[in-house]
Amino acid sequence: MVETQEILNILEGYDKDELAITTVCSHSSLQLFDGARKEGFRTIGICIGAPPKFYDAFRKQNLTNFS
């Protein structure tokens, strides 16, 4: 298991304002997006066509972008 401090050390080398958490849209991705936004990351959801309808019920996720 990777220790928290090791992850924090790696992240120090990046500009957090330029990072985004990106994943394929699914029910599980809602949890990833929620955690990412709470940690201050931008989020990008990847989907084919329009965003899945179940995202309408989770507007609090406030996705930064769909691709």
Side-chain angles (χ1 to χ4, degrees):
M1 182 170 156
V2 179
E3 297 294 327
T4 301
Q5 190 57 51
E6 184 177 352
I7 293 169
L8 294 174
N9 291 342
I10 292 168
L11 288 175
E12 283 180 8
Y14 291 90
D15 180 354
K16 188 176 176 183
D17 293 333
E18 295 296 320
L19 292 178
I21 304 300
T22 305
T23 188
V24 174
C25 292
S26 69
H27 290 310
S28 299
S29 64
L30 290 171
Q31 297 298 319
L32 292 170
F33 292 142
D34 184 50
R37 297 294 291 181
K38 286 178 180 174
E39 294 296 326
F41 289 99
R42 293 179 304 120
T43 56
I44 301 172
I46 301 171
C47 56
I48 297 173
K53 285 210 170 272
F54 56 80
Y55 278 88
D56 292 342
F58 294 92
R59 284 297 169 200
K60 71 177 184 120
Q61 305 308 46
N62 192 21
L63 293 171
T64 308
N65 194 7
F66 281 102
S67 295

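All figures in this text were calculated on a predicted structure; none of them were measured in a lab.
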Participant: Any link between I10 and L19 through a network of hydrophobic side chains (Ile, Leu, Val, Met, Phe, Trp, Tyr) touching at under 4.5 Å?
Facilitator: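 Hydrophobic grouping puts I10 with L19.
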Participant: Using the rule that Ile, Leu, Val, Met, Phe, Trp and Tyr join whenever any side-chain heavy atoms are under 4.5 Å apart, tell me whether V2 and Y14 fall into a single cluster.
Facilitator: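 They do share one cluster, since a chain of ILVMFWY contacts under 4.5 Å joins V2 to Y14.
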Participant: More than 12 heavy atoms of other residues, nucleotides or ligands under 6.0 Å from CD of E3: is that the case?
Facilitator: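 Not more than 12 within 6.0 Å, no.
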Participant: Atom CZ of R42 and atom CD1 of I21: how far apart are they, to the nearest 0.5 Å?
Facilitator: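 Going from the CZ atom of R42 to the CD1 atom of I21 covers 10.0 Å.
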Participant: Between atom OG1 of T4 and atom CG of N9, what is the distance when rounded to the nearest 0.5 Å?
Facilitator: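 Answer rounded to 0.5 Å: 10.5 Å.
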Participant: When rounded to the nearest 0.5 angstrom, what is the spacing between OG1 in T23 and CD1 in I46?
Facilitator: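 It comes to 7.0 Å.
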Participant: About how many Å separate CD of E39 and CG of L11, when rounded to the nearest 0.5 Å?
Facilitator: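 So the CG of L11 and the CD of E39 are separated by 10.0 Å.
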Participant: What's the separation between atom CG in D17 and atom CZ in F41, rounded to the nearest 0.5 Å?
Facilitator: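 Interatomic distance, D17 CG to F41 CZ, rounded to 0.5 Å: 10.0 Å.
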Participant: Determine the minimum heavy-atom distance between V24 and S29, stating which atoms define it.
Facilitator: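 Shortest heavy-atom separation between V24 and S29 comes out as O-CB, 3.5 Å.
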